[in-house]
4 protein chains.
Amino acid sequence: MSNEKGPDHSRRKERSRQAIFAATRALVAEEAYKNVTVEAIAARAGVGKQTIYRRWPSKSAVVFAALLALSEDAGGLSVALPDTGDLRADLKLVMRATAKEFADPSFDRPIRALNTEIANDAALAAEYREKLAQPLEEAKKARLRSAQEVGQLSADADLDLVLEVLYAPLFQRWLHRSGPLTDAYADSLVDATLRAFGP
Amino acid sequence: MSNEKGPDHSRRKERSRQAIFAATRALVAEEAYKNVTVEAIAARAGVGKQTIYRRWPSKSAVVFAALLALSEDAGGLSVALPDTGDLRADLKLVMRATAKEFADPSFDRPIRALNTEIANDAALAAEYREKLAQPLEEAKKARLRSAQEVGQLSADADLDLVLEVLYAPLFQRWLHRSGPLTDAYADSLVDATLRAFGP
Amino acid sequence: MSNEKGPDHSRRKERSRQAIFAATRALVAEEAYKNVTVEAIAARAGVGKQTIYRRWPSKSAVVFAALLALSEDAGGLSVALPDTGDLRADLKLVMRATAKEFADPSFDRPIRALNTEIANDAALAAEYREKLAQPLEEAKKARLRSAQEVGQLSADADLDLVLEVLYAPLFQRWLHRSGPLTDAYADSLVDATLRAFGP
Amino acid sequence: MSNEKGPDHSRRKERSRQAIFAATRALVAEEAYKNVTVEAIAARAGVGKQTIYRRWPSKSAVVFAALLALSEDAGGLSVALPDTGDLRADLKLVMRATAKEFADPSFDRPIRALNTEIANDAALAAEYREKLAQPLEEAKKARLRSAQEVGQLSADADLDLVLEVLYAPLFQRWLHRSGPLTDAYADSLVDATLRAFGP
DNA sequence: CTTTAAGCGAGACGGTACGTCGCGTCTTCTA
DNA sequence: TAGAAGACGCGACGTACCGTCTCGCTTAAAG
């Protein structure tokens with residue numbers, strides 16, 4: 001059938017693509033980032049180096065694509081934030097979970113790798129915002145809008161700013177390792193944010 | 001005599017040290033960070049590679065030391081924040097200036113380099129906090145405490161948290177290039193922070 | 001019908017075969033031998049690489065076949081040596097012509113390529129002897145036998161040896177570029193050979 | 001002492017140089033020539049690739065230098081040909097020995113490698129002639145001149161030509177594997193040469 | 001005249017080696 | 001005798017070809 005044709009066409013491509021992504025994720029999670037080399041990825045994926053360079057221009061791009069694909073695969077599910085009607089409680093839940101994720105070494109390393117790449121490459125940064133950050137932010141803003149409707153958040157609050165005030169301190173503290181990422185800390189960020197942007 | 005020797009000795013050391021720092025800063029400001037190599041620094045400084053490796057264990061450390069020294073030279077001046085008695089006005093002044101700095105390319109590249117290094121090296125991160133971040137934060141906290149005394153800031157506010165809520169959004173927006181660093185944005189951060197932690 | 005099939009079939013095969021040979025000869029004549037690659041041949045011939053590998057096991061074999069085919073096409077003509085009745089004159093004519101050929105760059109490169117391949121591949125060397133060298137040698141020996149019959153050459157001379165003494169010095173001098181390939185040199189080889197094997 | 005300085009200076013250099021030569025010779029003797037790669041040489045010599053590329057521009061040049069050095073080390077001894085007063089006997093001795101050498105696989109491979117390189121690189125060919133071929137030829141010519149003096153060789157014979165008639169057939173037969181390299185063959189070349197250039 | 005399978009061009013694939021760059025160490029020579 | 005200069009062993013870079021493997025497309029035959 002013609003249905004088979006498409007998949008047949010891309011089967012080999014797709015197999016190597018997935019092998020490359022899997023190898024990249026494994027290396028990023030296991031190794032210091034400087035040991036994540038194109039050569040190591042190719043070897044681990046059982047793939048020629050050229051197969052990587054044919055598709056991506058640099059190690060950064062591969063790493064980014066691998067982590068992006070990971071998020072896209074899992075992303076559809078986690079995009080919706082909880083909405084119990086209690087914004088404060090919902091945000092605390094989410095912030096505590098986020099803090100825990102950052103503290104998990106198997107998340108820490110890849111996210112650091114990702115941040116290292118996007119900090120030094122404006123094009124990757126743009127792609128990151130478009131493909132990863134914005135969808136997440138939209139989901140979060142949807143929750144905030146819902147809160148605005150029920151009067152739990154100021155109606156004229158700039159939602160981008162709200163999200164920054166809420167998340168950026170956690171992000172910075174994690175990136176610079178400038179303090180512990182405890183539940184209490186997560187809570188205090190929610191409280192501060194709601195004081196700033198509450199009704 | 002050893003009196004002469006020591007100074008002579010130190011003077012030579014100091015000269016090459018300054019040459020290394022100058023070369024490092026120049027390269028960091030001019031080049032993409034991956035082109036900042038120990039060999040390039042040594043060549044530009046007119047110094048043997050060993051002279052660099054004798055003093056610092058890695059490129060990261062050199063870059064960090066060069067930028068640290070830069071801040072320490074200039075640091076004495078900017079450590080004291082303005083205190084006109086009007087916290088909101090003082091903070092807006094500082095935040096607008098900070099936003100401008102981040103937007104300046106000749107600051108942008110070095111600070112990105114610095115952040116790249118400390119994000120991936122916990123030891124450097126600790127040194128960064130101790131030598132650069134904490135002194136600055138202490139100066140800022142001094143201003144906040146002064147505000148608490150005159151009732152412009154909640155007496156029981158966690159000053160570390162206040163600073164994070166104030167600065168982290170700006171930092172994150174800059175690092176991820178996720179938005180413009182305008183005066184209005186700087187102001188809105190101050191306003192949000194004062195709503196959260198005001199009296 | 002199968003009668004038609006064969007030819008039609010052959011016609012396509014033959015077209016690509018000729019394209020491959022033409023491309024190979026062009027590349028061998030134009031380029032340094034290391035730049036003569038299967039990929040370059042395929043690209044120039046407008047042919048898939050597999051079409052080459054389907055027919056020949058290696059680049060050596062293609063190059064050899066291309067040059068062999070060239071000789072076979074032209075070969076029928078030159079196989080017969082002149083026989084004016086004067087062996088010395090006939091040999092000098094042939095040797096001078098041979099020397100001229102070797103000096104011609106458009107012959108030089110292909111023949112060097114051919115020699116490179118057969119020097120390092122015993123199987124190709126055997127094929128070379130069988131398909132190219134022996135027919136030529138037989139033609140030459142026929143002329144020598146004719147000379148033996150009229151008493152211009154020793155009747156018990158080993159004709160293989162005679163040919164080697166006559167040609168090998170020219171070949172070696174060309175291969176090693178160890179001296180000029182002049183008419184005088186060609187003549188002196190004929191004279192030496194006839195002194196060694198004359199009546 | 002200054003005597004020590006020279007050697008001290010070159011000790012590391014010299015050690016790696018010798019290691020490279022030894023590895024090259026071993027590989028050339030053991031492996032098919034296409035498996036003799038710069039990478040393999042470097043690995044076997046325990047040397048970085050750059051150390052090879054710093055000194056020689058190509059694999060050809062390394063192989064050539066390695067084999068040249070081998071000959072130069074051993075060369076001083078074998079340069080003098082036997083001179084018993086009987087040219088025919090002396091030449092047969094030498095030619096039989098030469099034929100045996102060519103038949104020895106551990107000579108065959110390197111000499112084929114050498115010939116492959118010099119056939120395709122005029123510069124190497126020139127160096128080969130100057131450093132290897134000419135000294136040997138001078139030694140042989142010295143023996144021939146001695147023969148001329150005692151009337152065993154025509155006084156006006158072109159000695160270059162004599163040597164070519166004597167050696168080139170053997171060389172060509174070896175290179176093209178066009179016949180056996182027996183003692184009888186060696187003898188017949190000497191006999192033919194002396195018929196051509198004898199008194 | 002359609003259908004079909006064989007052969008083709010195109011070129012991606014897993015690999016190997018290339019020649020270069022930079023690492024961090026080691027050695028030499030100079031001031 | 002410290003330091004500039006830079007060679008060294010090493011390992012990764014990004015590229016070129018290798019020989020193999022799909023993939024559609026063409027195309028001439030058999031249905």
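The sequence lines fix the lettering, A, B, ..., with proteins before strands; numbering per chain opens at 1.
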> Rounded to whole angstroms, how far apart are CD on D/Glu14 and P on E/dT28?
Replying inline: 13 Å

> Between A/Arg25 and A/Glu30, is there a side-chain N and carboxylate O pair less than 4.0 Å apart?
Replying inline: no

Taking only N/O atoms, report every protein-nucleotides 13-16 of chain E pair under 3.5 Å with atom names and distance.
residue : atom : partner : partner atom : Å
E/dC13  : OP1  : A/Arg55 : NH1          : 3.0
E/dC13  : OP1  : A/Arg55 : NH2          : 3.1
E/dC13  : OP2  : A/Arg54 : NH1          : 2.2
E/dC13  : O5'  : A/Arg54 : NH1          : 3.4
E/dG14  : OP2  : A/Gly48 : N            : 3.4
E/dG14  : OP2  : A/Thr51 : OG1          : 2.7

>> Once side-chain contact (heavy atoms from CB on, under 4.5 Å) is applied, do any residues pair with A/Ser60, and if so which ones, sequence neighbours excluded?
In response: A/Ser58, A/Glu117, A/Leu124

>> My understanding is that only residues two or more places apart in sequence, or in another chain, count here; which of them pass ring pair (Phe, Tyr, Trp, His ring centres under 6.0 Å) with A/Phe21?
In response: A/Trp56

> C/Glu31 has an atom CD; how far is it from atom P of F/dA16, in whole Å?
Replying inline: 15 Å

> What residues form a side-chain hydrogen bond (donor to acceptor under 3.5 Å, both in side chains) with A/Ser16, not counting sequence neighbours?
Replying inline: A/Arg55

> What pairs of residues pass the ring-ring contact (aromatic ring centres under 6.0 Å, His included) test when at least one of them lies in residues 26-52 of chain D, not counting sequence neighbours?
Replying inline: none

>> Need to verify one output field. Residue with the more 5' nearest nucleotide on DNA chain F, C/Ala40 or A/Lys59?
In response: A/Lys59

> So which heavy atom on D/Arg112 is nearest to which on C/Asn120, and how close?
Replying inline: CB-OD1, 4.2 Å

> Between F/dA7 atom C1' and D/Trp56 atom CH2, what is the distance in whole Å?
Replying inline: 14 Å

> Could you state the NZ-C1' distance from A/Lys34 to F/dC13, rounded to the nearest angstrom?
Replying inline: 16 Å

>> Can you work out whether D/Tyr53 or C/Ala43 has the more 5'-proximal nearest nucleotide on DNA chain E?
In response: C/Ala43

>> Distance check needed: F/dA16 C1' versus C/Ile41 CD1, whole Å only.
In response: 15 Å

>> From CD1 of A/Ile20 over to P of E/dA12, roughly how many Å is that when rounded to an integer?
In response: 14 Å

>> Tell me every residue that passes ring pair (Phe, Tyr, Trp, His ring centres under 6.0 Å) with A/Tyr128, counting only those two or more places apart in sequence or in another chain.
In response: B/His176

> If you pin B/Val36 and D/Val36 to their nearest nucleotides in DNA chain E, which one's is more 5'?
Replying inline: D/Val36

> To the nearest Å, how far apart are C/Ile52 CD1 and E/dC8 C1'?
Replying inline: 13 Å

> To the nearest angstrom, how far is B/Arg15 atom CZ from F/dA2 atom P?
Replying inline: 16 Å

